[in-house]
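Read through the structure below, which is laid out as structure tokens, and then see the notes.
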Amino acid sequence: MRDRHVVVRNIARPAADVVARLAEAGVSTVHEAIGRRGFAGTGLMPNQRNVRVAGPAVTVSSHPGDNLMIHAAVEVCRPGDVLVVTTTSPSTDGMFGELLATSLATRGVIGLVTGAGVRDTAELRGMGFHVWARSVSAQGTVKASPGSVNVPVTLGGVNVSPGDVVVADDDGVVVVPLAEAEEAAELAEKRIAKEAATREVLRSGTLGVDYYQLRAKLADLGVVYQD
């Protein structure tokens, strides 16, 4: 059993410019651009507003109610990373707070996403460390159980491998596989350009039902206009 718990020190990461382009696009645009995939669900709530980040995932698999492996993960993080913390069974305990955030910020980590809980939320906002979590809880944790760092994990039903790009903002969290990151950035930028053109058409007064040619669909569905 012991050899099943590992801390992988070195992982592949995407190019910094690709990560920056995905961050600029944001969660909803990236999600749509890659075929409505990668969204980690409505349960991951931001602790702050008007924040948009993206970074390579450093993954943590922890025992519920135990943050030992988060401490172990700090050492292998690099500037620009996003720490992704999961538990082997459901947990709402406050596994992460101000002190761990201080360690991560010192390493240049830009945020944390967790399927468990966080605490010290006011302090986290005050120090500008951004988190997305399934719960907020004062319930403390122990440091007693082995887990793993930089192994594949599942977050909100989405598979996350080390080095995948995690994009997070007010709309939630989306995960882009490392191998698809550059293509995803290109697709997101094309979508942004298309939406900019559409925005101008709508600003001119053209109705969405006409621009998207929806009148025939409404009629086919039996929708009738009445005066």
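Quick note: numbers below take in every heavy atom, side chains included, and nothing from hydrogens, waters or symmetry partners.
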Backbone N/O of Asp169 and side chain of Trp132: donor-acceptor pair under 3.5 Å: yes
From Thr198 atom OG1 to Tyr211 atom OH, the distance as rounded to the nearest 0.5 Å: 3.0 Å
Closest heavy-atom pair and its distance - Asp93, Pro64: OD2-C, 4.5 Å
Met95 and Thr87, any side-chain heavy atoms less than 4.5 Å apart: yes
Step-by-step salt bridge (Lys or Arg N to Asp or Glu O under 4.0 Å) determination, Arg191 to Glu195: CA-CA 6 Å; Arg191 184 173 180 85; Glu195 289 184 347; 3.2 Å; yes
For Val167 against Val27, the heavy-atom pair lying closest together: O-CG2, 3.4 Å
Shortest non-hydrogen contact from Ser62 toward Met69: OG-CB, 3.8 Å
Ser161 to Ala57 - nearest heavy-atom pair and separation: O-CB, 4.1 Å
Minimal non-hydrogen separation, Ala105 against Met127, with atom names: CB-CE, 4.5 Å
Asp81/Arg13 under salt bridge (Lys or Arg N to Asp or Glu O under 4.0 Å): CA gap, chis, key distance, verdict: CA-CA 9 Å; Asp81 285 345; Arg13 289 173 170 85; 2.8 Å; yes
Common cluster, Phe96/Val142, ILVMFWY with side-chain heavy-atom separation under 4.5 Å: no
Path from Val158 to Leu178 over hydrophobic side-chain contacts below 4.5 Å: no
Validation row: His130, Ile110 side chains within 4.5 angstrom (heavy atoms): no
same_hphob_cluster(Val53, Val113) at 4.5 Å side-chain heavy-atom cutoff: yes
Value rounded to 0.5 Å, distance of CG in Leu22 from CG in Leu187: 10.0 Å
Check: Asp210 and Arg215 side chains under 4.5 Å, non-hydrogen atoms: yes
Leu99 side chain reached by His71 side chain, heavy atoms, under 4.5 Å: no
Side-chain donor/acceptor of Thr59 to backbone N/O of Val151, under 3.5 Å: yes
Side-chain (Asp66) to main-chain (Ala144) donor-acceptor, under 3.5 angstrom: yes
Stepwise side chain to side chain contact (heavy atoms under 4.5 Å, CB included) test for Met45 and Val136: CA-CA 9 Å; Met45 302 299 293; Val136 173; over 6 Å; no
Within 6.0 angstrom of Glu75 CD, more than 12 heavy atoms from elsewhere: no
Working for salt bridge (Lys or Arg N to Asp or Glu O under 4.0 Å), residues Arg203 and Glu200: CA-CA 5 Å; Arg203 280 177 177 164; Glu200 291 306 310; 2.9 Å; yes
Check: Glu24 main-chain N/O paired with Arg52 side-chain donor or acceptor under 3.5 Å: yes
Gap between atom NE2 of His5 and atom CG of Leu68 - 0.5 Å precision: 10.5 Å
Residue Glu32 excluded, over 12 heavy atoms near CD under 6.0 Å: yes
Side chain proximity check, Leu104 to Cys77, heavy atoms < 4.5 angstrom: yes
Steps toward side chain to side chain contact (heavy atoms under 4.5 Å, CB included) verdict (Leu112, Val118): CA-CA 10 Å; Leu112 172 131; Val118 298; 4.2 Å; yes
Ser103 side, atom OG; Ile70 side, atom CD1 - distance, nearest 0.5 Å: 11.0 Å
More than 12 heavy atoms from other groups under 6.0 Å of CD on Glu98: yes
Side-chain donor or acceptor of Thr114 paired with backbone N/O of Val85 under 3.5 Å: yes
Side-chain donor/acceptor of Asn47 to backbone N/O of Thr121, under 3.5 Å: yes
Heavy-atom closest contact (Ala133 atom, Ala116 atom, distance): CB-O, 3.9 Å
Inter-residue atom distance Thr42.OG1 - Asp171.CG, 0.5 Å rounding: 12.0 Å
Test item: Lys217 and Val209 side chains (from C-beta on) under 4.5 Å apart, heavy atoms: no
Side chain to side chain contact (heavy atoms under 4.5 Å, CB included) evaluation trace for Val7 with Asn150: CA-CA 6 Å; Val7 176; Asn150 280 330; over 6 Å; no
Side-chain heavy atoms of Ser61 within contact of Thr88, under 4.5 Å: yes
Residue pair Arg78 / Asn10, side-chain heavy-atom distance below 4.5 Å: yes
Side-chain donor or acceptor of Ser137 paired with backbone N/O of Gln139 under 3.5 Å: yes
Atom pair OG1/CZ of Thr141 and Arg119 - distance to nearest 0.5 Å: 6.5 Å
In one Ile/Leu/Val/Met/Phe/Trp/Tyr side-chain cluster, 4.5 Å: Val74, Phe129: yes
Test log, rule side chain to side chain contact (heavy atoms under 4.5 Å, CB included), inputs Leu44 and Leu155: CA-CA 9 Å; Leu44 296 177; Leu155 177 75; 3.9 Å; yes
Same apolar cluster: Ile34 and Val82, side chain cutoff 4.5 Å: no
Glu183 atom CD, neighbour heavy-atom count above 12 within 6.0 Å: no
Neighbour count >12 (heavy atoms, 6.0 Å) for atom NZ, Lys190: no
